[in-house]
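Below: the structure, in structure tokens.
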Amino acid sequence: MKLLKEFKNFAVKGNMMDMAVGIIIGASFSAIVNVLVKNIILPPLSLLSNGISFEEKKLILREATTTTSQVSIDYGLLIETALDFLIVGFTIFLVVRVINKLKTKAENIEDDSVPTPVDIELLSKIKDLLEQQNEVLTKKEKP
């Protein structure tokens, strides 16, 4: 019963929902990055490499015979996977960089192009009024 109570607390506090949203958005983001890499970035790179296929590069340790299969070290597949990883990593870096710039611009207080939300304006006015009230009270306390 304690385990069910802990699970209920976990689910109710929103951790499970946050994780679910993160996983769903991550899967969608992964699809976007895959399309960006495979359909936009890799085609020009394949033109530059003159169609070199790393997948076929391997070191044959034993040739295939009628009774045994070929034994080889497929180092080309490792190179291709490492290149894919670097391209995907760099693409994600660029996307996150753009998002961070947009976030920084949105959080910039001095930027007038983005209107300040009403609740933030109200909180600023309340803060100013409290500071004024505090000044008045401190002046009254000093004889």
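Positions are given from 1 along the sequence. Just so you know, these numbers use all the heavy atoms, side chains as well, and skip hydrogens, waters and symmetry mates.
- Of the inter-residue distances, the one linking Thr104 atom OG1 with Ile99 atom CD1 reads 11.5 Å to the nearest 0.5 angstrom.
- Annotation: side-chain contact (heavy atoms from CB on, under 4.5 Å) contacts of Val96 (sequence neighbours excluded): Ile92, Asn100.
- A single hydrophobic cluster is not seen to contain both Ile32 and Val95; linkage of ILVMFWY side chains at heavy-atom distances under 4.5 Å, directly or through other members, places them apart.
- Leu77 and Ile87 fall into different hydrophobic clusters, where Ile, Leu, Val, Met, Phe, Trp and Tyr residues are linked whenever their side-chain heavy atoms come under 4.5 Å apart, directly or through other members.
- The hydrophobic cluster containing Phe90 also includes Phe93, Leu94, under a criterion of side-chain heavy atoms closer than 4.5 Å among ILVMFWY residues, counted directly or through chains of members.
- For Phe85, there are no side-chain contact (heavy atoms from CB on, under 4.5 Å) partners, not counting sequence neighbours.
- Taking Ile, Leu, Val, Met, Phe, Trp and Tyr as members and joining any whose side-chain heavy atoms lie under 4.5 Å apart, directly or through other members, the hydrophobic cluster of Leu102 also contains Val98.
- Interatomic distance, Arg62 CZ to Gln70 CD, rounded to the nearest 0.5 Å: 9.5 Å.
- Members clustered with Ile24: none, using a 4.5 Å side-chain heavy-atom cutoff among hydrophobic residues.
- Every residue meeting the side chain to side chain donor-acceptor pair (under 3.5 Å) condition with Thr68, not counting sequence neighbours, appears here in chain and number order: Thr65.
- Residue-environment remark: CZ (Arg97) stays at or below the threshold of 12 foreign heavy atoms within 6.0 Å.
- Under the side chain to side chain donor-acceptor pair (under 3.5 Å) criterion, Ser72 pairs with Asp74, not counting sequence neighbours.
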Solution key, residues 121-137 side-chain donor-acceptor pairs under 3.5 Å, sequence neighbours excluded:
unit_1	atom_1	unit_2	atom_2	d
Ser124	OG	Ile120	O	3.1

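- Residues that satisfy the side-chain contact (heavy atoms from CB on, under 4.5 Å) test with Leu78, not counting sequence neighbours, are absent from this structure.
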